[in-house]
Novice: 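Supplied in structure tokens, the structure appears directly below.
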There are 2 protein chains.
Amino acid sequence: MSNLDQIAKLAGFSKATVSRVLNKSPHVSQETRSKILKIMQELDYVPNRNAISLSKGQTLQIGIITSTINEIVLAFLNSFVEVAGQYEFQTIIYTSGEDKKKELQAFEDLKRKRVDALVIISCVNDTDLLSTYCKYGPIVSWQRMDHTDIRSVAMDQYEGYMLALKHLIQKGYTRIANAFGRPSSINTHSRQRAYAYIMEQHNLPVLQHWNQSSIYNIRDGEQVVRDLLQYRDEFPQAILCSNDYVAVGILCEARRQLLSVPEDLAIVGFDNTELSHTMGITTVQNPIEAQAQNAFYMLSPQLVGRQMELQPLQYSLIERTTT
Amino acid sequence: MSNLDQIAKLAGFSKATVSRVLNKSPHVSQETRSKILKIMQELDYVPNRNAISLSKGQTLQIGIITSTINEIVLAFLNSFVEVAGQYEFQTIIYTSGEDKKKELQAFEDLKRKRVDALVIISCVNDTDLLSTYCKYGPIVSWQRMDHTDIRSVAMDQYEGYMLALKHLIQKGYTRIANAFGRPSSINTHSRQRAYAYIMEQHNLPVLQHWNQSSIYNIRDGEQVVRDLLQYRDEFPQAILCSNDYVAVGILCEARRQLLSVPEDLAIVGFDNTELSHTMGITTVQNPIEAQAQNAFYMLSPQLVGRQMELQPLQYSLIERTTT
DNA sequence: TTGAAAGCGGTACCAC
DNA sequence: GTGGTACCGCTTTCAA
């Protein structure tokens, strides 16, 4: 492998001049430039990115942290990789598997200058601890954070959940259950607030086993149906899900249990993923791609020195056949 | 940010000794070590990864190339990130969006020493061109390659497809259609060979419109059903799919069209993903996780200087309710 | 327009 | 066990 020095020697110029050519500096004469370019071509030269990173103190790499890559994360990840790539930034995946130590390595890598910035999709460490890393580079989060140092691109799911609740009530459903996600998450709290508010406002019943938590995926959704069926007399008319995959699980299991949807059980998903469309699940449209792009835009002032305008975000209800 | 030099000065030792402490060299006295470690702690010192990479000529980063991150890729990606992480390697995503230039950047990054190795999930460039990059580092592929320089971890889908075909025939289905993926791919060719062989052996009919290509995802699957319905009289009894997502699309659309499954149409997926389980789709179990792990193991001789034993791979048929 | 040289922050070989 | 020092390969300031 050839390096700058060799190119410089062969061309009869200094490293500085060769570097100028590489960086398209205007302060190089035309003939010098073409002579150097020719030699680079001949030697099949490409600059070493580690050397550049070390010298510039910038890697053009962004770390993205998630416990695991699942279907929900997919849309965000794709969209983020895409927009970051447009600005020459690469994306490194850090999967923690909910392990605090492993997750922390991503933050250490920010400190160690392996990445220029971090995006949190989900994290398990204490936010007070994580925010101490802000001094090493910009950090944004998709997951809502209870800490002011780390900004979040997510929307308040209170609004989205309200849409779903109002839709159900308007349709005449009164016995409404919830399949929440992480019990301690801000999203879950928002949803619980919306639920409590609406239920009280309409003077509707709230049973304890209608509030299930830690329901994340298809399998969990299937289990929810089986659990609810144990209380035959208190079976809900409708169920709101933490995401579309949970809704899919509930729908499939409901059918297996010979419940007809939406007559015996109405289902509302969340996110409006491809799958909810295919399976005809009523859901709340969540602009995930836009949030991923906003994540990059929020980093951009420190990354590319330019403030970028965030896209407006809005929920909407997509009515399909499960309500 | 502090660096080696500062630590050395403050501790009253040389950079070399500090470096030894960092790298856990045994040739440092206990008190020197603890003294240096104490100072590192006080200054909150961590070594700069770019400097290490430059000096060692190794980044501990592996690039993974795919046109887009979809559900099929998910299992592979998760598994690969996991196993690579166990050996301290990080994974960088390169999504090409089928753009040859963009895809080539990943290979240039191998040359430029941004990554130590590459894993191809899918690629669009000419394999002759890509194999010229082998001299810069190890490259393996999940997608089957027609080039000997780049080894593939994938299995020959001929075997898997045979399982599915034999299953259908044993069940008494004779009018069998195919939803193939990329027309030019080696996998598709393997499947076509298996199909042709079985059909001829059993003297079964083969209609041209029973062989659909470029069917990749749920939407494509839905479309397949609508297309096939145009030939009412020549509607197949069963259909084999390029993957489980196509099968899901076909299943959902078939139900919407009031076809009963498997009576009017039997469906066999491929891969045995979570979703096929949930929806009760008969499928071919494809050990994707093991292939991802093997991908790392195939890189390992050049990456960690150790030959690792590849896991044996085997297809099996998972019979569920769609056949 | 060009060059010399001092970084960037480590590693690793060779002395002692 | 420890230190001196030449790398690794590129950027950037200052002079000329």
Side-chain angles (χ1 to χ4, degrees), chain A residues 1-37 39-40 43-61 88 108-116 136-137, chain B residues 1-37 39-40 43-61 88 108-116 136-137:
Chain A
M1 288 292 308
S2 50
N3 60 22
L4 248 197
D5 225 14
Q6 294 175 30
I7 303 290
K9 294 230 169 75
L10 280 171
F13 290 95
S14 70
K15 285 164 58 177
T17 301
V18 177
S19 176
R20 290 192 188 96
V21 171
L22 281 178
N23 295 289
K24 307 196 195 309
S25 157
H27 307 299
V28 183
S29 77
Q30 195 44 250
E31 47 186 339
T32 302
R33 182 187 308 279
S34 51
K35 189 169 176 182
I36 290 177
L37 283 174
I39 294 188
M40 286 180 176
L43 291 202
D44 197 28
Y45 169 80
V46 283
N48 180 310
R49 288 198 63 178
N50 290 318
I52 298 174
S53 292
L54 174 59
S55 189
K56 291 203 172 173
Q58 208 203 15
T59 56
L60 296 180
Q61 299 191 140
E88 316 273 278
E108 284 295 316
D109 268 1
L110 180 63
K111 188 171 172 185
R112 300 177 62 165
K113 301 198 175 300
R114 161 106 320 176
V115 295
D116 295 334
Y136 303 114
Chain B
M1 289 290 309
S2 51
N3 60 22
L4 248 197
D5 228 13
Q6 294 175 29
I7 303 291
K9 295 230 170 74
L10 279 171
F13 291 95
S14 70
K15 283 167 60 178
T17 301
V18 178
S19 177
R20 287 190 191 98
V21 171
L22 280 178
N23 295 288
K24 308 196 194 308
S25 155
H27 307 298
V28 183
S29 77
Q30 196 43 251
E31 49 185 337
T32 303
R33 182 187 308 281
S34 51
K35 188 170 178 182
I36 291 178
L37 283 174
I39 294 189
M40 287 180 175
L43 291 202
D44 198 28
Y45 168 80
V46 283
N48 181 311
R49 287 197 63 177
N50 291 318
I52 298 175
S53 292
L54 174 60
S55 187
K56 291 204 172 173
Q58 209 203 14
T59 57
L60 297 180
Q61 298 191 142
E88 316 274 280
E108 284 295 316
D109 267 1
L110 181 62
K111 188 171 171 185
R112 299 178 63 166
K113 301 196 177 298
R114 162 108 316 177
V115 294
D116 295 334
Y136 302 115

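Computed from a predicted model, the values in this text were never measured in an experiment. Order of the sequence lines sets the chain letters (A, B, ...), proteins ahead of strands, with each chain counted from 1.
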Novice: With each end axis built from five pairs of C1' atoms, what bend angle do you get for the helix from C:dT1-D:dA16 to C:dC16-D:dG1? Round to 10°.
Specialist: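 About 30°, once rounded to a multiple of 10°.
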
Novice: What residues from residues 11-22 of chain A pass a heavy-atom cutoff of under 4.0 Å to DNA chain C?
Specialist: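 Those residues are A:Gly12, A:Phe13, A:Ser14, A:Ala16, A:Thr17, A:Arg20.
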
Novice: Could I get the full list of side-chain contact (heavy atoms from CB on, under 4.5 Å) partners for A:Ser34, not counting sequence neighbours?
Specialist: none

Novice: A:Lys35: which residues meet the salt bridge (Lys or Arg N to Asp or Glu O under 4.0 Å) condition with it, sequence neighbours left out?
Specialist: none

Novice: Checking B:Asn50 now: which residues fulfil side-chain hydrogen bond (donor to acceptor under 3.5 Å, both in side chains) with it, not counting sequence neighbours?
Specialist: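 Residues passing side-chain hydrogen bond (donor to acceptor under 3.5 Å, both in side chains) with B:Asn50: none at all.
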
Novice: Going by side-chain hydrogen bond (donor to acceptor under 3.5 Å, both in side chains), name the residues that satisfy it together with A:Ser55, two or more places apart in sequence or in a different chain.
Specialist: none

Novice: Please list residues of residues 1-10 of chain B whose heavy atoms come under 4.0 Å from any atom in DNA chain D, ordered by number; otherwise none.
Specialist: none

Novice: Does B:Lys56 have any salt bridge (Lys or Arg N to Asp or Glu O under 4.0 Å) partners at least two apart in sequence or in another chain, and if so, which?
Specialist: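 Per chain and number, B:Lys56 pairs via salt bridge (Lys or Arg N to Asp or Glu O under 4.0 Å) with no residue.
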
Novice: Got a sec? Which of residues 47-55 of chain B come in under 4.0 Å of DNA chain C, heavy atoms?
Specialist: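 Within this stretch, B:Pro47, B:Asn48, B:Ala51, B:Ile52, B:Ser55 sit under 4.0 Å of the strand.
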
Novice: Only counting residues at least two apart or in another chain, list the ones meeting side-chain hydrogen bond (donor to acceptor under 3.5 Å, both in side chains) with A:Tyr136.
Specialist: B:Asp44

Novice: Sequence neighbours excluded, which residues qualify as side-chain hydrogen bond (donor to acceptor under 3.5 Å, both in side chains) partners of B:Asp116?
Specialist: B:Thr59

Novice: I'd like the 5' and 3' limits of the part of DNA chain D contacted by chain B, with heavy-atom contacts below 4.0 Å.
Specialist: D:dG1 to D:dG9

